Q: 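Pasting a structure below so you can have a look.
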Amino acid sequence: MSHSLQKDEVAALLEEIATLMRLAGENDFRAMAFDRAARTIENLDGDINQYIEKQTLTTLKGIGNSIAEDLYIYAETGSIPVREKLLEQVPSGLFSWLKISGLGPKKIFKIHKALNITEITELKDRCKDGSVASLPGLGQKSAENILKSIRWMEQFAERCRVDEAEIIADSFVGILSDAEGVEQVSVAGSLRRASETIGDIDILVAAQEVHSENIMERFVRNSEVVEVLGRGTTKSSVRTGEGRQVDLRIVDPEHYPAALMYFTGSKEHNVAMRQRARTRNLQLNEYGLFHQNADNQADFNRPLPVDSETDIYRHLNLAYIPPELREGHGEFELAEGGISPDLVELRDLQGIIHAHTTWSDGKRSIREMAKACTRRGYRYLAITDHSRTAAYAGGLTVDRVYEQWKEIDVINNEYAQRGTDFYILKGIESDILSDGKLDYPDEVLKGFDLVIGSVHFGLENPPDKMLDRLMRAAAHPHLHMLGHPTGRLLLQREGSKADLNRLIPFAAEHNTAIEINANPRRLDLDWRYGRKAREVNLMSAVCPDAHSEEGLDDVRYGIGTARKAGFPAQRILNTFSLEELMKRLG
DNA sequence: GCCGTTTTCGGCCCGACTGTTTTCAGTCG
């Protein structure tokens, strides 16, 4: 009897097989095929179970008879023969070795075979006693590097939040922009793509070759640097005190656009771009876009004219694809028509929605937060303190709500009299209770201009229960928007597992928005749901969830997430004028 | 293992850097 499958589960399974194959020394192209199939499943529109029931998996690009058959068997029996066979050859302990920088599948399997070890602790011992250094193809230096990497790995997290990465990146960019001969500097990689967490920080510099030595020197001499991992004339890597790796690449100014595209990635995006170039008998690399010579190699003497990333896309019959969308996640379909996707920008924001004050757990008064907003050029601010159930955060009792409204009225009156074009909306971040009800009776709720509903407890409840809870809240006539829908804290806590692919259409149907919480610890709604959101025209708002003045500036991270999710300004509530917004809120 | 209006076989993205190498494999992005 077949059981119901999840896309993520199947994708993870295929990826695992790919990894096992590499560790087992299998042909890499075979492994790549499983990786590609994993990505196809991951990005699949619709229900994978439909494809399995109808036996139509082979209609998908990257899935042929063999993998399709594997998955039909998996749906039927819960196991795949090829995986079972591989697991016999490759001990599961070796998986964690892949995280050791400098160690790849080949060396891992070689060491494992030669020394008969499977655990990282054993690997450490064998590095120390010289056994690793004595293996062919490895040496003293290799053993030392492995030990060093393991120590870093144990001490520091693999990834960091985007706000943490930004601070480090700014330091390097600052130092490099001042260096002699530097014509352009840009952050590339996942930071430029506005990913929610960052592994390595990539920086690209355009400069004439004569200056590169000096620029490299400045780079590795930055006070943030605690270790130089590699140093060449065009490429160097360092590690900072926070344990982050920073890579610098220096290119000739004429290669800058292609290099910027290359180092921005994502890997998946790059691969797709190069394949696209090849189908047009062109060759794309980090130096440019070239015609091919007789043996299908890039003919560096015959470049296509490229002055910007836009030119590269245009030569490949695509509209400009903003960095945030370059995830191999449907962006090519969007740009195929030649019209660049219209994405919300920071300057589109006209007001702030979702901020806390000293009335609950914020650090600043209403007046101070309002002033901070006017200083930043915003036209309105929706104050949304916590509701009464959030006692730990100073949630407002009904009486306090009424008092706060009075204060807001007083301040708004002052603005009106002074002719200040600014308005404070009476809002609330109401807890969504276990049964999906909101935290005040309807007669209180209807007095707010804006009601956000958020889950703050019971995140670990079963997915179906959580979905039901969120749906009940979304259907509430007085609720305008769901706050941080999964409740995740990046790199700290998983969010609830409610199926957002079901919640999003339901919310859209009930004219309820779902927030993009811009706090860099959250960035929730996850951008990966952007496609579903677009399908059903879901409304959102980019909300700082600010507890302080500086917290307001977190909206820039939320804009990154909104762009990544493909939101145009028209589907972001706080890009509206006050009048439009009030009309929408009814 | 997948894929094909130039191919049903022979390709599969591509270059920099490191370490262990006397010419290159492995890793990384």
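These figures come from a predicted structure and were not determined experimentally. All chains are named by letter (A, B, ...) in the order of the sequence lines, taking the proteins before the strands, and each is independently numbered beginning at 1.
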Q: Using the P atom as the point on both nucleotides, what is the distance between dG10(B) and dG15(B), in whole Å?
A: 24 Å
Q: Indicate whether OP1 or OP2 belonging to dC17(B) is found under 4.0 Å from a side-chain N or O atom of S236(A).
A: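 So the side chain of S236(A) is outside the cut-off, no N or O lying under 4.0 Å from OP1 or OP2 of dC17(B).
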Q: Sub-3.5 Å donor-acceptor pair from the side chain of E53(A) to the main-chain atoms of Q50(A), do we have one?
A: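 No.
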Q: Under 3.5 Å, is there a donor on one side chain and an acceptor on the other for N222(A) and S171(A)?
A: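 The criterion, which ignores hydrogens and geometry beyond distance, is satisfied for S171(A) and N222(A).
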Q: If you look at every strand shown and take non-hydrogen atoms under 4.0 Å, does S101(A) touch a base, only sugar-phosphate, or nothing?
A: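 Result for S101(A) = sugar-phosphate.
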Q: Just so I know, are the side chains of I146(A) and I111(A) near enough to count as touching, which here means a heavy-atom distance under 4.5 Å?
A: yes
Q: Please tell me which of L135(A) and I108(A) maps to the more 5' nucleotide of DNA chain B, matching each residue to the nucleotide holding its nearest heavy atom.
A: L135(A)
Q: Counting the atoms with a prime plus P, OP1 and OP2 as sugar-phosphate, which does L229(A) contact under 4.0 Å by heavy atoms, base, sugar-phosphate, or nothing?
A: nothing
Q: For Q140(A), answer base if it contacts any base atom (sugar-phosphate contacts may also be present), sugar-phosphate if it contacts only those atoms, and nothing otherwise; contact means non-hydrogen atoms under 4.0 Å.
A: sugar-phosphate
Q: Expressed as a whole number of Å, how far does the C1' atom of dG26(B) sit from that of dT21(B)?
A: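 Taking atom C1' in both dG26(B) and dT21(B), they lie 12 Å apart.
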Q: Quickly work out the I111(A) CD1 to dT20(B) P distance and round it to whole Å.
A: 12 Å
Q: NA contact type, N270(A), heavy-atom cut-off 4.0 Å: base, sugar-phosphate, or nothing?
A: nothing
Q: Over how many whole Å does the gap from F109(A) atom CZ to dT27(B) atom C1' extend?
A: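 It is 18 Å, rounded to the nearest whole Å.
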Q: Measure from the side chain of K107(A), starting at C-beta and using heavy atoms only, and say which of dG1(B), dT6(B), dG26(B) lies closest.
A: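 The nucleotide sitting nearest to the side chain is dG26(B).
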Q: Which part of the nucleic acid does K267(A) contact within heavy-atom distance under 4.0 Å: base, sugar-phosphate only, or nothing?
A: base
Q: Please work out if P105(A) contacts a base, only the sugar-phosphate, or nothing of the nucleic acid, heavy-atom cut-off 4.0 Å.
A: sugar-phosphate
Q: For L60(A), which contact category applies under a 4.0 Å heavy-atom criterion: base, sugar-phosphate, or nothing?
A: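 It contacts sugar-phosphate atoms only.
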Q: OP1 or OP2 of dC28(B) versus the side-chain N and O atoms of Y262(A): is any pair under 4.0 Å?
A: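 The answer is no; no side-chain N or O of Y262(A) sits under 4.0 Å from OP1 or OP2.
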Q: With the side chain of K141(A) defined as its heavy atoms from C-beta on, choose the nearest nucleotide among dT20(B), dG15(B), dT27(B).
A: dT20(B)
Q: From the set dG1(B), dG15(B), dC17(B), return the single nucleotide nearest to any side-chain atom of T234(A).
A: dC17(B)
Q: In terms of side-chain heavy atoms of I67(A), which of dT20(B), dA16(B), dG1(B) is nearest?
A: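 Ranking dT20(B), dA16(B), dG1(B) by closest atom to the I67(A) side chain puts dG1(B) first.
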Q: Can you tell me the pairing partner of dG19(B) across any strand shown, Watson-Crick or G-U wobble, with both distances under 3.5 angstrom?
A: dC24(B)
Q: Rounded to whole angstroms, how far apart are CD on E26(A) and C1' on dC12(B)?
A: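 Distance, rounded to whole Å: 15 Å.
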Q: Out of dA16(B), dG29(B), dC12(B), which nucleotide sits closest to the side chain of F29(A)?
A: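 Looking only at heavy atoms from C-beta outward on F29(A), the closest nucleotide is dC12(B).
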Q: Counting the atoms with a prime plus P, OP1 and OP2 as sugar-phosphate, which does M32(A) contact under 4.0 Å by heavy atoms, base, sugar-phosphate, or nothing?
A: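 Contact class for M32(A): sugar-phosphate only.
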Q: Measuring only the P atom in each nucleotide, how far is dC2(B) from dT6(B)? A whole number of Å is fine.
A: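 Comparing P positions in dC2(B) and dT6(B) gives a spacing of 23 Å.
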Q: Please report, rounded to the nearest Å, how far the C1' atom of dG29(B) is from the CD atom of Q245(A).
A: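 Those two atoms, CD and C1', are 9 Å apart.
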Q: For a quick test of reading the model, state the closest non-hydrogen atom pair linking D202(A) to G189(A) and the distance between them.
A: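 Taking every non-hydrogen atom into account, OD2-CA, 3.5 Å.
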Q: Report, as yes or no, whether the 6.0 Å neighbourhood of atom CD on Q6(A) holds more than 12 heavy atoms from other residues, nucleotides or ligands.
A: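 No, not enclosed.
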Q: Taking only the P atom of each, what is the distance from dT20(B) to dT27(B) in whole angstrom?
A: 13 Å
Q: To the nearest angstrom, how far is N27(A) atom CG from dG10(B) atom P?
A: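 Spelled out: CG on N27(A) to P on dG10(B) is 15 Å.
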Q: Under the criterion salt bridge (Lys or Arg N to Asp or Glu O under 4.0 Å), which of R244(A), R556(A), R192(A) is the partner of E166(A)?
A: R556(A)
Q: Using a cut-off of less than 4.0 Å, is there contact between a side-chain N or O of R278(A) and OP1 or OP2 of dC12(B)?
A: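 Checking R278(A) against dC12(B): at least one side-chain N or O falls below 4.0 Å of OP1 or OP2.
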Q: Side chain of D247(A) only, heavy atoms from C-beta on: which candidate in dG1(B), dG15(B), dG29(B) is closest?
A: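 Between dG1(B), dG15(B), dG29(B), the one nearest the side chain of D247(A) would be dG29(B).
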Q: Reckon F34(A) touches a base, only the sugar-phosphate, or nothing at all at heavy-atom distances under 4.0 Å?
A: sugar-phosphate
Q: Side chain of N285(A) only, please: which of dG1(B), dG29(B), dG15(B) is the nearest?
A: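 Selected nucleotide: dG15(B).
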Q: Between R22(A) (CZ) and dG1(B) (C1'), how many Å, whole number?
A: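 Roughly 12 Å, once rounded to whole Å.
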Q: Contact class for D35(A) (heavy atom, under 4.0 Å): base, sugar-phosphate, or nothing?
A: nothing
Q: What is the ring orientation for F172(A) with F219(A), classed by angle as parallel under 30°, tilted 30 to 60°, or perpendicular over 60°?
A: tilted
Q: What's the spacing between N301(A) CG and F290(A) CZ if we round to 0.5 Å?
A: 9.5 Å
Q: Could you tell me whether N145(A) contacts a base, only the sugar-phosphate backbone, or nothing, with contacts defined as non-hydrogen atoms closer than 4.0 Å?
A: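 N145(A): backbone/sugar contact only, no base atoms under 4.0 Å.
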Q: Taking for each residue the nucleotide of DNA chain B with the nearest heavy atom, is it G137(A) or N65(A) whose nucleotide lies nearer the 5' end?
A: N65(A)
Q: Please measure how far the P atom in dG11(B) lies from the corresponding atom in dC17(B), and state the result in whole Å.
A: 29 Å
